[in-house]
Amino acid sequence: MIPHGGTEGSVDQETAAIDFIQARFPTAVLAVAESSGQKWIEVARDQIVPVLTALRDEQGWDMLMDLTAVDYLGMETPERFQMVYQLYSLARNSYFRVKCWVPESDPTVDTLTHVWKAAPWAEREVWDMYGIRFNGNNDLRRILTPFSYEGHPLRKDYPLQGRGERNQFPRYEK
Amino acid sequence: MGLENWSPEGALTTRVEELLNWGRANSLWPMPFGVACCAIEMMGTLSSRYDLSRFGAEAIRFSPRQSDLMIVSGRISLKMLPVLQKIWEQMPEPKWCISMGACASCGGIFDTYAMIQGIDRFVPVDVYIPGCPPRPESLIDAVIKIQELVKLERLDSHA
Ligand code: SF4
């Protein structure tokens, strides 16, 4: 069994995945990087679904562990938001990370609804928390905050204590 | 019981109010609103080691319509507060509320957009328990304080 998380065997598999994407989608690769012994790849936003589908169908990265976003507000990054896709191979017990940048002016990404059944709810969470829309996800309702909530609280410019939502309830007397 | 010696006729007099309150105070039926770590202490209080049934309050009801003491143990989020209020409304009068732990009482360490900063802003609380989490002894103490409150009830309190 290959232990997961930054081991040599894991890095080999990450390298193989990166080589595969570079050969198969040469124009999609924006960057390859490594940190804490884990390699990942940044791909173009419009290629994210084909890249992930190919990783699943041809490279055995069969499970979408997680799909989330990061807000790099005020940092020197290509765009404000970044989508992070965490893949897992059940057969090899190893992880691989794919990222893509999402601009603030057009915070949309194509949905993975038709690729993984795990995707729709994770996408709802990203929509709820970061306000990134997923083209093709027809059920993009809020999932953590109440449906009536306004704003996307994990955006870095959202005030930590909210905008008074937590005080707007009727008061019950005895 | 020796009662027959003390009262050979087999009768004693009291006030209806007092009899009702005595019965109520010693048979509280809690509605456990356990939503976080404090609920674990509440469960501990109810089970054999601390044994809340010694105080007559072990008949935990998961139906608000059958209970008269709401124990809010845990943090209440924006999304949970309407549920809490609905359950509070469904409990028949007379009813009491314990706010258990720092989170329920004031938001605790969670001073964020998602958290209610003290349930007493939106539902009436009778007894607060400090602590994170409070020990079972504190909850027992709170139940005893509720019993004292119950004994102050008047027949016309909820007319
Ligand atoms: S007061 Fe402490 S133990 Fe109780 S719900 Fe809050 S964090 Fe958990």
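Side chains are part of it too, since the values below use all heavy atoms of this structure and drop only hydrogens, waters and symmetry mates. Naming: A, B, ... by sequence-line order, numbering from 1 per chain.
- With a threshold of 4.5 angstrom between heavy atoms, B/Leu78 approaches chain A through its backbone and through its side chain.
- Hydrophobic cluster membership differs between A/Val43 and A/Leu30, with clusters built from Ile, Leu, Val, Met, Phe, Trp and Tyr side chains linked at under 4.5 angstrom.
- Of all residues spanning residues 32-43 of chain B, none has a heavy atom less than 4.5 Å away from chain A's heavy atoms.
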Can you pull every donor-acceptor pair closer than 3.5 Å across chain B and chain A?
from	atom 1	to	atom 2	distance (Å)
B/Lys79	NZ	A/Ile143	O	3.1
B/Gln85	NE2	A/Pro170	O	2.8
B/Lys95	O	A/Lys174	NZ	2.9
B/Asp111	OD1	A/Arg166	NH1	2.8
B/Asp111	OD1	A/Arg166	NH2	3.1
B/Asp111	OD2	A/Gln161	NE2	2.8
B/Thr112	O	A/Arg166	NH1	3.0
B/Tyr113	N	A/Leu160	O	2.8
B/Asp120	O	A/Arg171	NH1	2.9
B/Arg121	O	A/Arg171	NH1	3.0
B/Arg121	NH1	A/Asn167	OD1	2.9
B/Phe122	O	A/Tyr172	N	2.9
B/Asp126	OD1	A/Lys174	NZ	3.0
B/Asp126	OD2	A/Lys174	NZ	2.9

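- Hydrophobic cluster membership differs between A/Val84 and A/Met63, with clusters built from Ile, Leu, Val, Met, Phe, Trp and Tyr side chains linked at under 4.5 angstrom.
- Linking ILVMFWY side-chain heavy atoms closer than 4.5 Å, directly or via other members, places B/Leu81 and B/Phe110 in two distinct hydrophobic clusters.
- In the hydrophobic clustering of ILVMFWY residues, with side-chain heavy atoms under 4.5 Å counting as a link, A/Val109 and A/Val115 come out together.
- Crowding of B/Arg65 atom CZ: a count of heavy atoms from other residues, nucleotides or ligands under 6.0 Å not exceeding 12.
- Pairs of residues two or more places apart, or lying in two chains, that qualify as ring-ring contact (aromatic ring centres under 6.0 Å, His included) and include a residue from residues 118-149 of chain B are A/Phe169-B/Phe122.
- Linking Ile, Leu, Val, Met, Phe, Trp and Tyr residues whenever their side-chain heavy atoms come within less than 4.5 Å places B/Val123 and B/Val72 in a single cluster.
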Considering only distance and modelled atom types, tabulate donor-acceptor pairs under 3.5 Å from the side chains of residues 138-147 of chain B, sequence neighbours left out.
from	atom 1	to	atom 2	distance (Å)
B/Ser138	OG	B/Arg135	O	3.3
B/Asp141	OD2	B/Lys145	NZ	3.1
B/Gln147	NE2	B/Ala25	O	2.9
B/Gln147	NE2	B/Phe55	O	3.1

